[in-house]
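Worksheet: one structure, shown below.
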Amino acid sequence: MQINGAIFDLDGTILDSMEMWLNAGELFLNSLGIKAKKNLGAVLLQMNVEEGAFFIQKEYKLNLSVKEIIEGTASVVKKTYTEKIQPKPGVQKLLELFSKNKIPCVILTGSDRQMFEDCLKKHKLDGFFKEILTCSELKMSKSNPGIYSVAAKSFNSKAENVLVFEDAPDAIKSAKKAGFYTIGIYDSCTHSNSDICSAKKSSDIFCKNFDEATEHIENLLRLIGAARKRCKENCD
């Protein structure tokens, strides 16, 4: 095996931001001085953006258009990214390992770049990535395995030589279907017991944190180095 590149999901993988997304509607209402009802996040999770905004408009009797609610929520989310969201512990150490070994990395995310770019810059993570790819710009979702193949074009590599780091079980499954080496990352907001089982099933390896992931990559690099050394010795 070679490692020619790594594709990273953003929310729930690089950034500890899933709780924010689950509570985005509540955060928006709080910005208006309105207390959200219990389990609003669970209700909105079943809806797309427009449906969620319409629900909030009617449920809370807001004198705002659906467009204004969407834009207002986006503004609150962007502010939260910049002011409160932190990287997952240990992720910088892993990115430094890739950088040291000249392994390029890209981000592939369902979030819009204007939301999170300031957050990445604030935590000095942006320099580790040669490219940031978003689902909206690619006009594909992660349910389509082909999106990972598009991302791998950044490395001019076969899928089996590219690592994919994801927390969401469906995304891990999609990347695995496309032939990539998948590394599942645990996230407390993403994974129920059943979600963990699903994520583990589709992962080549499932890690409870980035310290585990870094250790695994270090072992892979040692094995690759040893294999290359043996090949060179045999060739000589």
Side-chain angles (χ1 to χ4, degrees), residues 1-15 88 90-111 113 120 125-187 190 198-207 210 212-236:
M1 179 186 180
Q2 301 179 59
I3 303 177
N4 294 334
I7 298 169
F8 282 83
D9 170 54
L10 184 73
D11 298 299
T13 302
I14 294 173
L15 298 180
K88 286 284 192 75
V91 69
Q92 182 161 337
K93 182 180 177 182
L94 176 58
L95 292 171
E96 288 171 351
L97 177 64
F98 283 133
S99 179
K100 178 182 176 182
N101 286 276
K102 295 180 170 51
I103 298 171
C105 300
V106 302
I107 289 174
L108 176 61
T109 177
S111 296
R113 68 174 65 243
L120 291 177
L125 296 180
D126 55 314
F128 289 108
F129 299 99
K130 67 173 294 187
E131 200 167 4
I132 295 175
L133 306 170
T134 72
C135 293
S136 60
E137 291 169 356
L138 294 177
K139 295 179 171 50
M140 301 171 73
S141 74
K142 290 187 177 182
S143 62
N144 182 347
I147 196 170
Y148 293 96
S149 299
V150 171
K153 289 180 180 179
S154 296
F155 316 121
N156 295 315
S157 173
K158 294 179 180 179
E160 60 262 33
N161 295 325
V162 175
L163 311 178
V164 173
F165 293 82
E166 285 275 5
D167 65 307
D170 288 345
I172 298 170
K173 183 178 180 180
S174 189
K176 186 65 179 174
K177 188 175 180 180
F180 290 82
Y181 188 93
T182 53
I183 300 176
I185 300 294
Y186 174 75
D187 183 81
T190 301
S198 177
K200 286 182 176 179
K201 186 176 179 180
S202 298
S203 300
D204 287 292
I205 182 169
F206 187 82
C207 301
F210 273 106
E212 267 192 16
T214 300
E215 183 179 355
H216 179 68
I217 300 305
E218 287 173 337
N219 289 335
L220 274 179
L221 290 171
R222 278 194 287 269
L223 288 171
I224 292 167
R228 286 175 177 169
K229 183 179 179 181
R230 286 195 300 271
C231 181
K232 186 177 186 301
E233 289 171 348
N234 291 337
C235 290
D236 292 342

Hey, what do you get for OG1 (Thr13) to NZ (Lys88), rounding to the nearest 0.5 Å?
6.0 Å
Verify, without hydrogens or angle tests, whether Asn144 (side chain) and Gly146 (backbone) share a donor-acceptor contact under 3.5 angstrom.
yes
Do Phe8 and Leu108 have side-chain heavy atoms sitting under 4.5 Å apart?
no
In sequence, state the C-alpha distance, the side-chain angles, and the governing distance for Ile217 and Ile103, and then conclude on side chain to side chain contact (heavy atoms under 4.5 Å, CB included).
CA-CA 11 Å; Ile217 300 305; Ile103 298 171; 5.8 Å; no
Considering all heavy atoms, the nearest Ile14-Val91 contact
O-CG1, 4.0 Å
Find out whether Leu95 and Leu125 are in side-chain contact, i.e. whether some heavy atom of one side chain is under 4.5 Å from a heavy atom of the other.
yes
Check: Ser203 side chain, Ala199 main-chain N or O, donor-acceptor pair, under 3.5 Å
yes
Do Cys207 and Ile205 pass the side chain to side chain contact (heavy atoms under 4.5 Å, CB included) test, and can you show the C-alpha distance, the side-chain angles, and the key distance before you say yes or no?
CA-CA 7 Å; Cys207 301; Ile205 182 169; 4.1 Å; yes
Non-hydrogen atoms of Ala178 and Ser149 that approach each other most closely:
CB-OG, 4.4 Å
Evaluate the side-chain proximity of Ile132 to Leu120: yes if any heavy-atom separation is below 4.5 Å, no if none is.
yes
Within the structure provided, determine whether Leu97 and Leu221 are in side-chain contact (heavy-atom separation under 4.5 Å).
yes
The single option from Asp11, Thr134, Asp9 passing side-chain hydrogen bond (donor to acceptor under 3.5 Å, both in side chains) against Ser111:
Asp11
Has Glu215 got more than 12 heavy atoms of other residues, nucleotides or ligands less than 6.0 Å from its CD?
no
Can you check whether Ile147 reaches Leu138 side chain to side chain, under 4.5 Å on heavy atoms?
yes
Run Asp187 and Ile185 through side chain to side chain contact (heavy atoms under 4.5 Å, CB included) and show every step you take.
CA-CA 6 Å; Asp187 183 81; Ile185 300 294; over 6 Å; no
Could you check if a side-chain atom of Arg222 sits within less than 4.5 angstrom of a side-chain atom of Glu218, using non-hydrogen atoms only?
yes
So Phe165 and Phe98, would you call those rings parallel, tilted or perpendicular, with 30° and 60° as cut-offs?
perpendicular
Would you check if Tyr148 and Val162 make a side-chain contact, meaning some heavy-atom pair closer than 4.5 Å?
no
Kindly give the heavy-atom pair with the smallest separation between Ser202 and Thr182, and that separation in Å.
O-OG1, 2.9 Å
Starting at CD of Glu160, measure out to CG of Asn4 and round the result to the nearest 0.5 Å.
9.5 Å
Listing, residues 169-177 side-chain donor-acceptor contacts under 3.5 Å, not counting sequence neighbours, or none:
unit_1: Ser174; atom_1: OG; unit_2: Lys142; atom_2: O; d: 2.7
unit_1: Lys176; atom_1: NZ; unit_2: Asp204; atom_2: OD1; d: 2.7
unit_1: Lys176; atom_1: NZ; unit_2: Asp204; atom_2: OD2; d: 2.9

Set out, in order, the CA-CA distance, both residues' side-chain angles and the distance that settles side chain to side chain contact (heavy atoms under 4.5 Å, CB included) for Leu220 and Tyr181, then state yes or no.
CA-CA 12 Å; Leu220 274 179; Tyr181 188 93; 4.2 Å; yes
Look only at the side chain of Ser154 and the backbone of Ala151, and say whether a donor-acceptor pair between them is shorter than 3.5 Å.
yes
So OG of Ser99 and CZ of Phe129: to nearest 0.5 Å the spacing works out to 11.0 Å
If the plane angle is over 60° it's perpendicular, under 30° parallel, otherwise tilted; pick one for Phe206 and Tyr186.
perpendicular
Residue pair Asn161 / Ile3, side-chain heavy-atom distance below 4.5 Å:
no
